[in-house]
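Encoded as structure tokens, the structure appears first; notes follow it.
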Amino acid sequence: MTFLTTNPSFNTTLSFFKKKIHIEVEEEKRIMSLCWVLHPASVLCGNVMDSYSTMAEVKQHHSLLIRLGLSSKNHAITPIITFSSLSNHGDFHYSLKLFSTLPNPDTFLFNTLFKSFLLHNYHFPFNSIFLFYSYMLLQQYSLTPNSFTFPSLIKACSIHNALQQGKQMHAHVIKFGFGFDTFALNNLIHMYVNFGYLGDARKMFDNMPVRTVVSWTTIISGYCQWGLLDDALDVFELMPEKNSASWNAMIAGFVKRDRFREAFELFVRMQMEKVGLDKFLAATMLSACTGLGALEQGKWIHGYVERSGIELDSKLATAIVDMYCKCGCLEKALEVFNRLPQRGLSLWNCMIGGLAMHGKGEDAIRLFREMEKLVVPDSVTFVNVLSACAHSGLVEEGRYYFRYMTDVHGIEPTKEHYGCLVDLLARAGRLVEARNVIDKMPISPDASILGALLGACRIHGNVELGEQLGKRLIEVEPANSGRYVILANIYADCGKWEEVANVRKLMNDRGVKKEPGFSMIEMEGTVNEFVAGEMTHPLGKAIYAKVDEMLESIRLVGYVPDADGVLHDLFEEERENPLFYHSEKLAIAYGLLKTKRGETLHITKNLRVCKDCHQASKLISKVYDCDIIIRDRNRFHHFSKGVCSCKDYW
DNA sequence: TTAGGGTTAG
């Protein structure tokens, strides 16, 4: 083998091994006592991963093999390559060097190599597809692939986006007689799904001689991945036997498309069928709770994870912390975060993002500083740090970290970072500077960056720039209702009623529907949804009466309904639903009806909180002596004793 | 050996 000798470190490898031979006599005796050294085949009867626990042991054993003249023998070297290339405690580059010294690697070793390439994301300069053609099938080796060869190769085709090679691999599968092999076929289905060839994937699935639960789950998650939830559900219902992976695939499909209700319905069904929760399902359901703001349900799943001893890996830990952050329980999120023995990059990012959306800018920066000592931050980290600065009005800090990101960490700003910077400046009223950033940025600004500036134009009453940007945006994004709404509001703010009517007409002509506003509040394990002016809730009458009572009480402490809002925010909640019955007011009223005095209300809203509701919420928190935590589209508002955590800066 | 989960501005 010569293909890896281009690696300069290879030439030192042999001398390294020679040095390792000088082991202590006693140590040598100990190693000799391991009977399988002389009978390496016996290792293959057990699990190779159990044969070693560290690379030090592997290297000692390897030294011995060199001494015994067995280091080129496939059967002797196989356990060493397997451990070093596939174990968590292995050394991938060590295994590569070893592989390259073998004169006649066999199919098993090639399979191990292909698998380890996938495991270590190693696709350059020698990927497994290249090795398969150039070495394995080449006359020099002329090896026959076995059923373990193709799954890795097919997966590699998916990763490389190599459609043509993938199809060729499909042909090889058939040519070498694996056309009935479930593993190869399942992988092919997966590959066609990744390429978006759902018809081909389905055809393969339908023609399979034997379908396993994996085949079913693969096609279900394939449909979900491409948003074809109805097709996925059809297949799901036909499944003869479902396991936790198949339930999870279907539930996760709904969660990813924000169809949380259906996700919860399936979850209930799953529990009735006595399927237990595992770490995947727990993470998926936590994500559903996060989407709905269903804190109680989320707490229950967290508790279940702790009670049942489900492995708390980094993804699950992140899902838990994220759930607490986005359901308004920042303290609980921090408590879980601080207790975790190991913190991965995503977890840090999540916690910093959590502090950001709760308006805790300084704390977010402090946490980032702490993180930097332990983990290398990435692009997402800085999106969160910058957004923390934006939500807390930390203009100078934001500018500083924008430069710092590139200067210290070599991360080039993306559209997201520019978006944050523009938002930070614009929100703080520095519209000219924000515009300068847009004009000078090396990438062309997308609609979201212009949108950030547009939003700020309304807040700061810059009609001229707002009009200019708004007109541009409704052409760039004609289907985004939010853009029309802001433009119309900008016109309304300065009394240009004719223009307001024109925008509304344009919206109607183009068939653009405003996203209906709704608020959710979880009570006794049920998520209650409220739409402005609607009366569908069983306690409808009582809720409306409570709203009236609430408004009367806060009037006594100075509440004046924002009459402008009634006229201006006509898009934010429909005009026919008066301001007084905005969805968050209904949710608060319901919360007050169902809780004891002093309890905290958690509300989730799909749009931004309007000015009037913001003012009303502040006063309600004072008069009723209760904390109200509202998650709106952008951030959290903690209303307590008459003030809001956003300091009216949102 | 193959299927399922987390973090990203407005």
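Sequence lines set the chain letters: A, B, ... in the order given, protein chains first and strands last, and positions in each chain run from 1. Remember, it's a predicted structure, so these values are computed and weren't measured experimentally. Just so it is clear, the values below take in all heavy atoms, side chains as well, and ignore hydrogens, waters and symmetry mates.
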Discussion item. List the residues meeting salt bridge (Lys or Arg N to Asp or Glu O under 4.0 Å) with A:Glu477, not counting sequence neighbours, and say none if there are none.
Written reply: A:Arg483
Worksheet item: Just checking A:Arg427: base, sugar-phosphate only, or nothing, at a heavy-atom cut-off of under 4.0 Å?
Response: sugar-phosphate
Item to complete: May I ask you to say what A:Asn111 touches in the nucleic acid, namely base, sugar-phosphate or nothing, with a heavy-atom cut-off under 4.0 Å?
Response: nothing
Item to complete: Check whether any side-chain nitrogen or oxygen of A:Lys279 sits under 4.0 Å from OP1 or OP2 of B:dG6, and answer yes or no.
Response: no
Item to complete: Keeping to residues at least two apart or across chains, list the ring pair (Phe, Tyr, Trp, His ring centres under 6.0 Å) pairs with something in residues 200-220 of chain A.
Response: A:Phe205-A:Trp216
Worksheet item: Any salt bridge between A:Glu397 and A:Arg369, counting N to O under 4.0 Å?
Response: no
Worksheet item: When only distance counts, do a donor and an acceptor, one from the side chain of A:Asn186 and one from the base of B:dT2, lie under 3.5 Å apart?
Response: yes
Worksheet entry | Residue A:Lys115, side-chain heavy atoms: nucleotide from B:dT1, B:dA3, B:dG5 that is nearest | B:dT1
Worksheet item: Looking at B:dG5, does its base get a donor-acceptor pair with the side chain of A:Thr284 below 3.5 Å?
Response: no
Discussion item. Looking at A:Ser346 and B:dT7, is any side-chain donor or acceptor paired with a base atom of the opposite kind under 3.5 Å?
Written reply: yes
Worksheet item: Can you tell me how far P of B:dT8 sits from CG of A:Leu355, to the nearest Å?
Response: 13 Å
Fill in: Of the listed nucleotides B:dA3, B:dT2, B:dA9, the one nearest the side chain of A:Asn243
B:dA3
Worksheet item: Side-chain donor or acceptor of A:Asp278 under 3.5 Å from a matching atom on the base of B:dG5?
Response: no
Worksheet item: What's the closest nucleotide to the A:Ser387 side chain, out of B:dT1, B:dA9, B:dT7?
Response: B:dA9
Worksheet item: Has the side chain of A:Thr218 got a donor or acceptor that lies under 3.5 Å from a partner of the other kind on the base of B:dG4?
Response: no
Worksheet entry | Residue A:Glu416, side-chain heavy atoms: nucleotide from B:dA9, B:dG6, B:dG4 that is nearest | B:dA9
Practice prompt. Evaluate whether the aromatic ring of A:Phe183 and the six-membered ring of the B:dT1 base sit under 5.5 Å apart, centre to centre, with an inclination under 30°.
Written response: yes
Worksheet item: Under 6.0 Å between ring centres, would you say that holds for A:Trp348 and A:Phe368?
Response: no
Worksheet item: Tell me: CD1 of A:Ile189 to C1' of B:dT2, nearest whole Å?
Response: 10 Å
Item to complete: Please check the phosphate of B:dT8 (OP1 and OP2 only) for any side-chain N or O of A:Lys326 closer than 4.0 Å.
Response: yes
Worksheet item: To the nearest angstrom, how far is A:Leu118 atom CG from B:dT2 atom P?
Response: 9 Å
Practice prompt. Choose from B:dA9, B:dG5, B:dG6 the nucleotide whose nearest atom is closest to any side-chain atom of A:His391.
Written response: B:dA9
Worksheet item: Does a nitrogen or oxygen in the side chain of A:Lys242 sit under 4.0 Å from OP1 or OP2 of B:dA3?
Response: no
Worksheet item: Base, sugar-phosphate alone, or nothing: which one does A:Thr381 contact when heavy atoms must sit under 4.0 Å apart?
Response: nothing
Worksheet item: Counting any heavy atom closer than 4.0 Å, what does A:Ser147 reach on the DNA or RNA strands: base, sugar-phosphate only, or nothing?
Response: base
Discussion item. Please determine whether a side-chain nitrogen of the Lys or Arg among A:Glu396 and A:Arg430 lies less than 4.0 Å from a carboxylate oxygen of the Asp or Glu.
Written reply: yes
Item to complete: May I ask you to say what A:Ile251 touches in the nucleic acid, namely base, sugar-phosphate or nothing, with a heavy-atom cut-off under 4.0 Å?
Response: nothing
Item to complete: Nearest whole angstrom, please: distance from the P of B:dA3 to the CE of A:Met239.
Response: 14 Å
Discussion item. If you only use heavy atoms from C-beta on, which nucleotide in B:dT7, B:dA9, B:dA3 is closest to the side chain of A:Cys350?
Written reply: B:dT7
Worksheet item: Ignoring hydrogens and angles, does a donor from either the side chain of A:Asp313 or the base of B:dG5 sit under 3.5 Å from an acceptor on the other?
Response: yes
Worksheet entry | Nearest-Å distance for atom pair CD1/C1', residues A:Ile449 and B:dA9 | 9 Å
Discussion item. Check this for me, if you would: do A:Arg366 and A:Asp363 make a salt bridge, where the nitrogen-to-carboxylate-oxygen distance has to be below 4.0 angstrom?
Written reply: yes
Worksheet item: When the distance from CZ of A:Phe180 to C1' of B:dT2 is rounded to whole Å, what number comes out?
Response: 19 Å
Worksheet item: Just wondering, do A:Phe148 and B:dT1 stack (centres under 5.5 Å, planes under 30°)?
Response: yes
Worksheet item: How close or far is atom C1' of B:dG6 from atom CD1 of A:Ile301, stated in whole angstroms?
Response: 14 Å
Practice prompt. Using only heavy-atom distances, decide whether a donor-acceptor pair under 3.5 angstrom links the side-chain of A:Asn634 to the base of B:dA9.
Written response: no
Response to the item:
Separation of B:dT7 atom C1' from A:Leu286 atom CG, nearest Å, is 14 Å
Item to complete: Decide whether A:Ser246 and A:Asn243 meet the rule of one side-chain donor and one side-chain acceptor closer than 3.5 Å.
Response: yes
Item to complete: For A:His417, answer base if it contacts any base atom (sugar-phosphate contacts may also be present), sugar-phosphate if it contacts only those atoms, and nothing otherwise; contact means non-hydrogen atoms under 4.0 Å.
Response: nothing
